[in-house]
Amino acid sequence: EEHAVDDAQDAAVEEHVGSHQDATAVDALDDVDPANDADNAVDANDVDSLGEEDADDNPIGAQQAADAQDQDAADDNPQAAAAEDAQDAADTSPAPDTATTPSPAALSTPASVSSEPREPASNRSVAAWFRVGVEAYLSEDWKTCATALENAILEWQYFLRANIDCRLKCGQEARRQPPLFDKDIEHLQHAEELLRTTLCIMKCKRRAFHGRVTTDTIAASDQKAFRDLKAYEYLQLCYYQSLQFQKAASAVFTIISHDPSNDIMRQNLQYYLSMPEVDANKLENYESEPYVPLYLAGTDAYFSENYESAVSNLEESLHEFLNAVDRCRADCEGPFDQGWLPDFTPSITNHYVYCLKCKTKCHSKLSQMNGERYDDFLPLHYNYLQFSYFKLGRLKDACEAAATYLMFLPADEMMLENIAYYKALPKFKTSMLQPRTEAVDYIHRQTYEDALLKFVADEFIFPDLEEKDIPPSNEIREIGKKPPRKQTDPLHSAFSEQNISLENISEYKAQQNLLQEVKGNNTKPNIYPAASDMTSNLDEYLLSQVKSQELERLKKSSRRPLFNFQRESDLGGKKRFVVDGLANELECKQLVQFAKVNGVRGDGYDGNKTPHSPLEIFEGITLGQAALMVNFGLIELSTLKLFLSLSERGKNSIATYFNISNSDLHFSFTHLVCRSSVPGKSVNGSALSHKIHADNCWFPKEGRCVKTYPAYYWRDYSALLYLNDDFDGGEFIFSADPLGKLIQSSIKPNCGRLVGFSAGHENLHGVQGVKRGTRCALALWFTQDSTRSEWGRILTNR
Ligand SMILES: O=C(O)CCC(=O)C(=O)O
Ligand SMILES: [Fe+3]
């Protein structure tokens, strides 16, 4: 959420998110003193001052200042009532036994927990409840675990509901308002509708989240954990351990309903069902959609030939299904950090496409009941309805339902026969064969949206530049002569300059198959869990817990680690280390393939194709680009997860070695890079692939390394996670002097080997020329300044 606002372009982007940020500022105040009503004045002041500062830049933010004082406007907001109902519901949730709840200070995530004031037990944010629950789980306090996780889920559901309600209600409300001017010139009426909707959403959310610890923004990674029903996974075990077997079974049933392919949970369910205490008929899906019981009641009635009841239940189920689709779609209208600074129109388009992709998944996501999928769930309603209506003698309704069904499945023989039958009836009129409007609108929207996404997939193709387009090789810049390279984050270039190569995708897919073979003889031990386990903050938190426990065990058992470890004394200098085993062969191969296929020439270096050595080709890909590729369906999500996972392992190593809390260390830039020797160009023995340099300072003509622009002076730590060794040369070297005369140590890259060091002048380093083959590494830079957090990383959260 926090971005560095360090130039005019950034400021322009802030304009788009200004409203969002103001809301956060207000909620942050609520956070501190949620019970105190007098803080309204403070809110207004705070927003005012923001409004003043940014009056020109942030018109929406300034507008909100007025809202803050206009409590009346918020009071007649119907959403508020709903919000308060929900609050009541949350308040009646079982309160944890405060005597057994671990005190916040006991938790090891100081940033998020220890700063929390001591509130009544029920007043915690989603993430705080979750952490209390997980902490209790790890310390085997099962009762606290269960109640804390129940509360986390209730808070989460409130968050979802409030956001969706606000978006839906405000969209409808804005469409009802008469426009300020009655001619629609240059789509200004659309702009007006957006303005009105935004204003309404801001008021609505302010109201809905007033006085709650959970704010209207939850970290995307935490959101993902809840959307993936992580809380139920723990909850299930805590129910089991506290002997609440029926609830444990229901929690597992909830997970399976959401993800029927979860075999572990299936096994668990089987186990629970074998217990005498568990009744299969009382299994509950805690995340069930309202249409499910209606549909079941409707079809039950249908099969027992109770057509009145079938009609009323199925019409209601239909209504609730369409409603659920609308809510699912509204849920897609969340924030999206572009991670780059596109122009106005590409910026809107990018967010729009992101949102649209999410929305189009709603139909099939909801076409299921408790995990049982139906391709034709929505049309099936019309099928049952047409027959029920016919049986009730309502021919017109029967014909409409039949015609509607045919819109979804135009070649369905049985329905065509039915229609022929209806047509032959004396009461039949051709006008009766009118498909129902809700379905017509639904299908038309679906058709248009699918066409748009197909257009995106077909047309947004930016082939790689040809070899001949690579400009003649540059001089190697010498330290001391010129400032170091000017590296702009490539994500700051526009969409169309991304160079995302779709042409390579089929090749990539073929290589993926090849990788399946590698899987078979993957024997190298991996000291970290699999990629998919490490993608969210909550996971990370949990992992750190588990890891520290494992470390304790290791220490006790006095077993020596199997992997290579080199410290300062081995490497001839301060604040540096080398460790092996951070990735296994398969992971390395996968990432190397990905880099080779999708890497962009000279990427990260202003389009300079051979930024370091004229004798080599340099290709790179940033995390943000990888995220965009997933977003546009160009690469598998698993590849991005692997990318993320390896980078997290690098971060954990740096945090552990330098004894920094993981939450105080932030990614600043992540770059997957390969350097290849150019066939035919001979490399003399001493040419460097990357000149000796420090990562956060540069050498002026004479004197010491200075930590200012154009160096990335905010970088505090660096890590390189190597991915292969099938090349010659390419050693990483630490040097005592900027010319590379006094080499202190040399590290040969190898899959899973990480070199970590502080980013300052104490760690001058470089890379020796690559003489044969391609050398790939995941380069990671970290900062302790949270405002310098990596933009692209935020793209990876969905
Ligand atoms: O690839 C390497 O081993 C080092 C690269 C490096 O030092 C850098 O990109 O700053
Ligand atoms: Fe470096």
Side-chain angles (χ1 to χ4, degrees), residues 1-24 50-51 53-64 167 170-171 174-175 179-181 183-202 217 220 332-359 448-449 451-453 455-462 488-500 606-607 622 624-625 627-629 631-632 790-795 797-798:
E1 233 66 270
E2 326 115 314
H3 310 146
V5 184
D6 52 6
D7 59 25
Q9 260 188 316
D10 283 344
V13 158
E14 290 308 312
E15 221 174 277
H16 300 288
V17 295
S19 55
H20 181 69
Q21 294 212 328
D22 286 352
T24 312
L50 272 171
E53 251 173 43
D54 301 335
D56 291 335
D57 286 348
N58 193 349
I60 294 174
Q63 180 62 50
Q64 203 198 14
R167 289 173 194 155
C170 289
R175 282 190 287 277
L180 293 170
F181 191 75
K183 239 175 121 193
D184 190 12
I185 300 156
E186 294 185 358
H187 307 298
L188 284 172
Q189 288 184 351
H190 179 61
E192 184 184 339
E193 193 184 308
L194 292 181
L195 274 174
R196 289 187 185 279
T197 309
T198 304
L199 173 63
C200 169
I201 287 177
M202 287 166 74
T217 47
C332 291
E333 295 184 358
F336 172 62
D337 191 304
Q338 312 250 350
W340 49 338
L341 297 169
D343 281 359
F344 175 66
T345 302
S347 175
I348 293 176
T349 309
N350 202 27
H351 198 158
Y352 187 82
V353 170
Y354 176 80
C355 201
L356 188 61
K357 284 203 134 187
C358 173
K359 287 181 175 183
Y448 202 164
E449 288 182 342
L452 287 179
L453 289 180
F455 178 80
V456 169
D458 291 349
E459 303 296 329
F460 281 72
I461 294 173
F462 308 101
T488 49
D489 185 335
L491 280 179
H492 288 204
S493 64
F495 198 100
S496 57
E497 290 156 21
Q498 278 289 300
N499 254 341
I500 295 173
D606 251 2
T622 68
Q625 286 170 322
L628 281 174
M629 289 185 195
N631 199 22
F632 285 108
E790 186 170 26
W791 287 70
R793 196 159 283 270
I794 305 154
L795 285 171
N797 285 326
R798 265 208 189 199

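This one's a predicted model, so the numbers in the text were calculated from it and none came from an experiment.
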Next item on the list: Using the test side chain to side chain contact (heavy atoms under 4.5 Å, CB included), find all partners of Y448 that sit at least two apart in sequence or belong to another chain.
Entry: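 Scan of Y448 (side chain to side chain contact (heavy atoms under 4.5 Å, CB included), adjacent residues dropped) gives L452.
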Checklist line | side chain to side chain contact (heavy atoms under 4.5 Å, CB included) partners for F455, two or more places apart | finding: E459, F460
To the nearest 0.5 Å, what is the distance between [atom1] ([X]) and [atom2] ([Y])?
X    : Y    : atom1 : atom2 : value
H187 : Q189 : NE2   : CD    : 11.0 Å
E333 : Y352 : CD    : OH    : 9.0 Å
N350 : D343 : CG    : CG    : 12.0 Å
L453 : D458 : CG    : CG    : 10.5 Å
D337 : H351 : CG    : NE2   : 10.0 Å

Note to self: Can you confirm whether the thiol sulfurs of C332 and C358 sit closer than 2.5 Å?
What the structure shows: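 A disulfide is present here, as the SG pair of C332 and C358 is separated by less than 2.5 Å.
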Check: Are the side chain of E193 and the backbone of G171 linked by a donor-acceptor contact shorter than 3.5 Å?
Finding: no
Item checked: Contact summary for D184 and H190, nearest pair of heavy atoms -> OD1-N, 4.4 Å
Margin query: Ignoring hydrogens, what is the shortest heavy-atom contact between I201 and C170? Give both atom names and the distance.
Written below: N-SG, 3.3 Å
Next item on the list: Would you mind reporting whether F344 and I348 have side-chain heavy atoms less than 4.5 Å apart?
Entry: yes
Item checked: Check: L188 and E192 side chains under 4.5 Å, non-hydrogen atoms ->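 With C-beta onward as the side chain, the pair stays apart.
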